[in-house]
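Shown next, in structure tokens, is the structure this report addresses.
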Number of protein chains: 2
Amino acid sequence: MTTTTRAGGGAQADAQPARPELPLTDLTVCCAPESGSALSSEEAEQLAAVLKAVAEPTRLRLLSMVAASAGQEACVCDLTEPVGLSQPTISHHMKVLVDAGLLEREKRGVWAYYRLVPERLGAVAAALSPPA
Amino acid sequence: MTTTTRAGGGAQADAQPARPELPLTDLTVCCAPESGSALSSEEAEQLAAVLKAVAEPTRLRLLSMVAASAGQEACVCDLTEPVGLSQPTISHHMKVLVDAGLLEREKRGVWAYYRLVPERLGAVAAALSPPA
DNA sequence: GCTCAGTATTGACGAGTGTCAATGTCTCGC
DNA sequence: GCGAGACATTGACACTCGTCAATACTGAGC
């Protein structure tokens with residue numbers, strides 16, 4: 001299994017069967033010290049997939065707005081206006097963030113509330129931790 | 001100036017005049033705790049610009065290969081073969097990483113050596129640090 | 001000066017992505 | 001049940017991006 005250094009201690013690999021490969025907190029560290037080996041293609045694609053979700057100004061703002069909200073959750077109705085984009089666009093970005101595992105969706109009545117997943121974000125940050 | 005929480009303590013804002021806005025270790029924290037305000041458009045674009053450079057499997061592999069090399073530096077000739085892409089493509093990716101401030105280029109004779117900039121990578125990781 | 005090897009640049013092409021208008025779906029209140 | 005509001009989905013468009021072939025550039029050795 002090549003026990004390389006990894007980020008996040010949770011390592012709940014058996015999450016949902018619907019998503020075949022989405023380790024919540026199990027991301028290979030990008031830039032390990034000199035002795036560590038480089039990323040494989042699969043590891044690089046996994047990390048890049050999550051980073052792609054974050055590497056977009058609008059999504060970063062949405063993520064930060066959710067994190068800054070009380071209880072670290074917010075609904076689309078609160079996000080559409082300050083961002084200044086159409087509602088379908090916001091909905092699309094939120095879906096990307098949910099698919100990346102960075103947000104969780106919960107529908108309460110008519111409203112859809114999105115909540116931050118700190119462990120996932122922490123795993124990404126740890127994967128980018130500098131060597132030494 | 002809105003002194004928000006930031007990542008990295010260096011804050012050498014006056015770097016090179018050639019690059020107008022490339023604060024090496026001065027990136028606004030994305031997802032601050034509840035009291036912290038959300039990212040502005042400029043802050044989000046700055047962070048996203050660096051993340052875009054990293055959110056690509058090939059560039060992640062190149063970055064990790066440079067970091068894993070002895071002395072944390074490597075030349076293009078060492079990277080082309082294991083990645084399995086053409087030399088212009090590798091050169092292109094390296095330029096993107098240099099422009100993002102994640103790598104530094106130094107030409108020694110005919111060879112171009114790329115060295116990791118840990119502070120920059122650390123600033124990105126810190127900017128993505130989870131709240132609380 | 002000339003040749004050669006290591007890199008960088010240019011141009012072009014296909015794939016991917018952010019955006020919006022229009023439409024669909026679901027829940028609540030009447 | 002019905003209309004209204006909140007959100008998701010679809011289709012279309014412009015734009016960006018990753019890749020390669022071809023070419024230009026640059027430093028070393030003869």
*Please collect all disulfide (SG to SG under 2.5 Å) contacts where either partner lies in residues 62-119 of chain B, sequence neighbours excluded, each pair once.*
C75(B)-C77(B)

*If you group Ile, Leu, Val, Met, Phe, Trp and Tyr by side-chain heavy-atom gaps below 4.5 Å, do V98(B) and L79(B) land in one group?*
yes

*First of I90(B) and V96(A) reached from the 5' end of DNA chain C, by closest nucleotide*: I90(B)

*Excluding sequence neighbours, so at least two apart, what forms side chain to side chain donor-acceptor pair (under 3.5 Å) with T80(A)?*
none

*What residues, two or more places apart in sequence or in another chain, satisfy side-chain contact (heavy atoms from CB on, under 4.5 Å) together with S91(B)?*
Q87(B)

*Looking at residues 55-62 of chain B, who's got a heavy atom less than 4.0 Å off DNA chain C?*
none

_Interatomic distance where NZ belongs to K95(A) and P belongs to dT17(C) [whole Å]_ = 13 Å

*Listed by chain and number, what are the salt bridge (Lys or Arg N to Asp or Glu O under 4.0 Å) partners of E73(B), not counting sequence neighbours?*
R108(B)

*asked:* Taking salt bridge (Lys or Arg N to Asp or Glu O under 4.0 Å) as the definition, give me every residue that meets it alongside K107(A), ordered by chain and number, with sequence neighbours left out.
replied: none

Counting only pairs under 3.5 Å, give me each side-chain donor-acceptor contact of residues 53-60 of chain A, with atom names and distances, residues two or more places apart or in other chains.
unit_1: E56(A); atom_1: OE1; unit_2: T58(A); atom_2: N; d: 2.9
unit_1: E56(A); atom_1: OE1; unit_2: R59(A); atom_2: N; d: 3.2
unit_1: R59(A); atom_1: NE; unit_2: A53(A); atom_2: O; d: 2.7
unit_1: R59(A); atom_1: NH1; unit_2: H93(A); atom_2: ND1; d: 3.1
unit_1: R59(A); atom_1: NH2; unit_2: K52(A); atom_2: O; d: 3.3

_5' priority, DNA chain D, between K52(A) and S91(A) [closest heavy atom]_ = S91(A)

*So where does chain A start and stop touching DNA chain D, 5' to 3', when the test is distance under 4.0 Å to a non-hydrogen atom?*
dA6(D) to dT9(D)

*List for me each residue that meets salt bridge (Lys or Arg N to Asp or Glu O under 4.0 Å) alongside R105(A), sequence neighbours excluded, and say none if there are none.*
none

*Tell me what Y114(A) touches on the nucleic acid: a base, only sugar-phosphate, or nothing, going by heavy atoms under 4.0 Å.*
sugar-phosphate

*S41(B): what forms a side-chain contact (heavy atoms from CB on, under 4.5 Å) with it, not counting sequence neighbours?*
R61(A)

*How would nucleotides 20-30 of chain C be written as a contact map, 5' to 3', with B for base contact, S for sugar-phosphate-only contact and - for no contact, using protein heavy atoms under 4.0 Å?*
BBB----SS--

For residues 109-117 of chain A, please give each side-chain donor-acceptor pair under 3.5 Å, one per line with the distance, not counting sequence neighbours.
unit_1: R115(A); atom_1: NH1; unit_2: E104(A); atom_2: OE1; d: 3.3
unit_1: R115(A); atom_1: NH2; unit_2: E104(A); atom_2: OE1; d: 3.3

*asked:* Closer than 3.5 angstrom, by distance alone: can the side chain of R120(B) be matched with the main-chain N or O of V50(B) as a donor-acceptor pair?
replied: no

*Can a side chain N or O of H92(B) be found less than 4.0 Å away from OP1 or OP2 on dT9(C)?*
no

